[in-house]
Amino acid sequence: MASSGSFRPHRVVVLALDGLLPFELGIPQRIFGKARDTDGRSLYEVVTCSVRPPGPVETDADFAVLVANGPEALATADTVVVPASYELGPVQQEGILTPELTAALAHIRPGTRLVSICTGSYVLAAAGYLDGRPATTHWMHAEHFQQLFPQIQVDADVLFIDDGDVLTSAGVAAGIDLCLHLVRRDHGAAVANEVARRTVVPPHRDGGQAQYIQRPVPEAQSATTTAARAWALGRLHEPIQLRDMAEQESMSVRTFTRRFREEVGVSPGQWLTRQRVEHARHLLESSDLSIDHVARDAGFGTAQSMRQHLQTTLGVTPTTYRRTFRSGAGIDVADRTGGTGGTDGPNGSDGADGVGGCEGVGGCEGADGIGGAGSGNSFAVSRT
């Protein structure tokens with residue numbers, strides 16, 4: 001962490017547009033505004049601005065919000081966040097910026113990190129920031145978004161995409177996931193988890209998780225996979241096979257795998273690997289355990305296996321991750337060693353039903369082995 005004399009919180013400027021959704025507007029302040037270092041200092045400063053001089057901005061509700069800053073505030077930003085709006089006009093209809101928006105965005109300095117929540121992606125796209133890049137938006141708008149901006153690689157099936165200095169998210173709650181991801185990327189899992197606890201939201205939903213989960217709330221009296229997940233979380237250090245998880249719910253492997261995907265949005269193998277990565281991150285940040293010991297406790301078996309997982313997911317080695325977050329700094333785009341999401345790791349592929357992967361301890365456990373070399377994460381796309 002920087003010395004007290006040189007400490008400066010990261011400045012997040014939120015661009016409030018007419019027709020904005022109040023929920024999305026409040027996400028950056030709620031998430032970034034709660035992030036503190038070990039000395040209790042705010043790690044971010046969040047301010048809101050309009051494309052016009054200070055004054056009221058209309059929302060999609062029956063009230064307006066009074067914004068105290070004009071577009072000049074964008075010139076002071078380290079990160080700019082563009083929340084959703086239902087009144088984007090030619091931006092959403094024709095893919096072109098209004099003169100007002102053009103003038104406002106001109107204040108943004110080169111190198112500023114850019115973030116959109118939901119249909120805020122239309123603004124970044126119309127400004128050319130997403131050209132040639134992967135991006136996402138709310139699944140209901142994804143097809144129209146792709147038609148309007150064919151030069152963008154649209155992925156409608158993920159919660160958010162981290163492309164280094166430009167990040168986009170799906171609708172509503174996915175904005176929370178993306179902001180928590182940025183806190184985790186900037187300051188580590190411990191800080192992000194504390195923010196999540198204060199906000200009473202899950203500490204980590206992966207960027208590659210499906211936007212639309214078929215059964216996010218189980219039907220009354222229907223079987224779920226909750227007990228199996230709790231059982232697995234208590235045994236991350238052990239080899240875990242798919243049939244073992246299925247037995248916790250008294251289901252066949254096939255039924256369990258289908259139900260798991262419906263409820264969680266990813267396969268059991270992908271979910272288990274992500275839990276192990278998160279546990280490894282926590283141990284690297286909070287303990288002095290050796291890399292080999294962390295690998296065993298997280299269920300990867302060997303340091304080499306864990307290194308492959310972290311490089312695939314985070315783009316850095318375990319040693320680099322520990323050094324970075326022990327020093328109080330975040331992983332910057334320039335620190336990443338690469339690794340694009342979307343494919344399973346080098347030790348084996350996740351089967352179509354979440355089976356047939358490698359266990360993550362250096363060797364295959366057979367047809368039912370899960371949680372091995374790991375699935376790629378859409379947020380891990382990097383332009384380094």
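Remember, predicted model here, so these are calculated numbers, not experimental data.
- Judged by distance alone, the side chain of T320 and the main-chain N or O of V316 form no donor-acceptor pair under 3.5 Å.
- Here M140 contributes atom CE and C118 contributes atom SG; the two are 9.5 Å apart, rounded to the nearest 0.5 Å.
- With no hydrogens or angles considered, no side-chain donor-acceptor pair links R307 and T317 at under 3.5 Å.
- With contacts defined as side-chain heavy-atom distances shorter than 4.5 Å, the pair T137/T168 does not qualify.
- L17 and F63 fall into different hydrophobic clusters, where Ile, Leu, Val, Met, Phe, Trp and Tyr side chains are chained together by heavy-atom contacts under 4.5 Å.
- For the atom pair Q304 CD and Q308 CD, the distance stands at 5.0 Å (nearest 0.5 Å).
- In this model, no donor atom of one side chain and acceptor atom of the other lie less than 3.5 Å apart for D186 and H10.
- Checked by atom type, the side-chain pair R36/S42 shows a donor-acceptor distance below 3.5 Å.
- Using a cutoff of 4.0 Å between basic side-chain nitrogens and carboxylate oxygens, E194 and R198 are scored as salt-bridged.
- Within the 4.5 Å cutoff, the side chain of L284 has heavy atoms near those of the L310 side chain.
- For E143, the CD atom sits in a loose shell: 12 or fewer heavy atoms of surrounding residues, nucleotides or ligands are nearer than 6.0 Å.
- Counted by atom type alone, E249 and T225 present zero donor-acceptor pairs between their side chains at under 3.5 Å.
- In this structure, K34 NZ and L180 CG are separated by 13.5 Å, a value rounded to the nearest 0.5 Å.
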request  = List the steps, then state whether salt bridge (Lys or Arg N to Asp or Glu O under 4.0 Å) holds for D165 with R113.
outcome  = CA-CA 5 Å; D165 58 342; R113 186 164 63 185; over 6 Å; no
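- Distance check: Y321 OH to Q311 CD gives 14.5 Å after rounding to the nearest 0.5 Å.
- More than 12 heavy-atom neighbours from other residues, nucleotides or ligands sit within 6.0 angstrom of CD on Q153.
- No donor-acceptor distance shorter than 3.5 angstrom exists from the side chain of E100 to the backbone of V51, with no hydrogens or angles considered.
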Audit row: V264, R229, side-chain contact (heavy atoms from CB on, under 4.5 Å) steps and yes/no = CA-CA 10 Å; V264 183; R229 277 176 272 153; 3.7 Å; yes
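- Heavy-atom minimum distance, V81 versus P28: CG1-CG, 3.9 Å.
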key: Criterion salt bridge (Lys or Arg N to Asp or Glu O under 4.0 Å) on E238 and R296, from CA distance to verdict   = CA-CA 8 Å; E238 301 176 2; R296 289 194 299 272; over 6 Å; no
request  = I would like to know whether Y122 and H138 meet ring pair (Phe, Tyr, Trp, His ring centres under 6.0 Å); could you show each step before the answer?
outcome  = CA-CA 11 Å; Y122 280 87; H138 194 292; over 10 Å; no
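- A pairwise comparison of heavy atoms in A73 and V13 identifies O-CG2, 3.5 Å as the closest pair.
- Counted within 6.0 Å of CZ on R109, heavy atoms from surrounding residues, nucleotides or ligands total more than 12; the atom is thus considered enclosed.
- One distance of note links CZ of R259 with OG1 of T224; it measures 8.5 Å at 0.5 Å rounding.
- As a member of the Ile/Leu/Val/Met/Phe/Trp/Tyr network built from side-chain separations under 4.5 Å, Y86 groups with L21.
- For the pair P56 and V67, the minimum side-chain heavy-atom distance is 4.5 Å or more.
- Side-chain contact between I117 and V82: absent, with no pair of heavy atoms (C-beta onward) separated by less than 4.5 Å.
- Judged purely by distance below 3.5 Å, without hydrogens or angles, the side chains of S116 and S121 never pair a donor atom with an acceptor atom.
- Note: H282 and H279 have parallel aromatic rings, judged against thresholds of 30 and 60 degrees for the angle between ring planes.
- Looking at T273, its side chain does come within 3.5 Å of a backbone N or O of G269 through a donor-acceptor pair.
- Judged purely by atom type and a 3.5 angstrom limit, D163 has no side-chain atom pairing as donor or acceptor with the backbone of V166.
- Counting heavy atoms from C-beta on, the side chains of D18 and L20 never come closer than 4.5 Å.
- Proximity of D78 to V12: side-chain heavy atoms (C-beta onward) are nowhere separated by under 4.5 Å.
- Across L236 and L272, no two heavy atoms sit closer than the pair CD2-CD1, 3.6 Å.
- A distance below 6.0 Å separates the ring centres of H187 and Y44.
- Grouping the Ile, Leu, Val, Met, Phe, Trp and Tyr side chains by contacts below 4.5 angstrom, directly or via other members, places F160 with L25.
- Residues L178 and L114 do not share a hydrophobic cluster, clusters being chains of Ile/Leu/Val/Met/Phe/Trp/Tyr side chains in contact below 4.5 Å.
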request  = For side-chain contact (heavy atoms from CB on, under 4.5 Å), just list the numbers for L101 and V123, CA-CA rounded to whole Å, side-chain angles, deciding distance to a tenth of an Å, and then say yes or no.
outcome  = CA-CA 9 Å; L101 255 178; V123 175; 4.2 Å; yes
Pair I240-R276, side-chain contact (heavy atoms from CB on, under 4.5 Å): steps then yes or no = CA-CA 12 Å; I240 297 175; R276 285 175 164 157; 4.0 Å; yes
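- Criterion: ILVMFWY side-chain heavy atoms under 4.5 Å apart, direct or through other members. Under it, V191 and V115 are part of a common hydrophobic cluster.
- The minimum heavy-atom distance linking A125 with I152 is given by the pair CB-CD1, 3.5 Å.
- What you find for P268 and T257 is that their closest heavy atoms are CD-CG2, 4.1 Å.
- Panel note: side chain D155, backbone D157; a donor-acceptor pair is recorded below 3.5 Å.
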H181 and D162: CA distance, side-chain angles, deciding distance, side-chain hydrogen bond (donor to acceptor under 3.5 Å, both in side chains) verdict = CA-CA 9 Å; H181 165 71; D162 178 345; 2.8 Å; yes
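- Using a 4.5 Å heavy-atom threshold, the side chains of L124 and F149 count as separate.
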request  = Apply the test side-chain contact (heavy atoms from CB on, under 4.5 Å) to residues V46 and R11: give CA-CA distance (whole Å), side-chain angles for both, the deciding distance (0.1 Å), then the verdict.
outcome  = CA-CA 6 Å; V46 184; R11 189 174 176 88; over 6 Å; no
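- Aromatic ring centres of F300 and H237 lie farther apart than the 6.0 Å criterion allows.
- In this structure the side chain of T112 never reaches within 4.5 angstrom of the side chain of T79, judged on heavy atoms.
- Remark: the T255 side chain and the S252 side chain contain an N/O donor-acceptor pair separated by less than 3.5 Å.
- L97 CG to T102 OG1: the interatomic distance, rounded to the nearest 0.5 Å, is 4.0 Å.
- When all heavy atoms are compared, the tightest approach of V195 to A35 is CG2-CA, 3.7 Å.
- Hydrophobic cluster membership differs between L167 and I108, with clusters built from Ile, Leu, Val, Met, Phe, Trp and Tyr side chains linked at under 4.5 angstrom.
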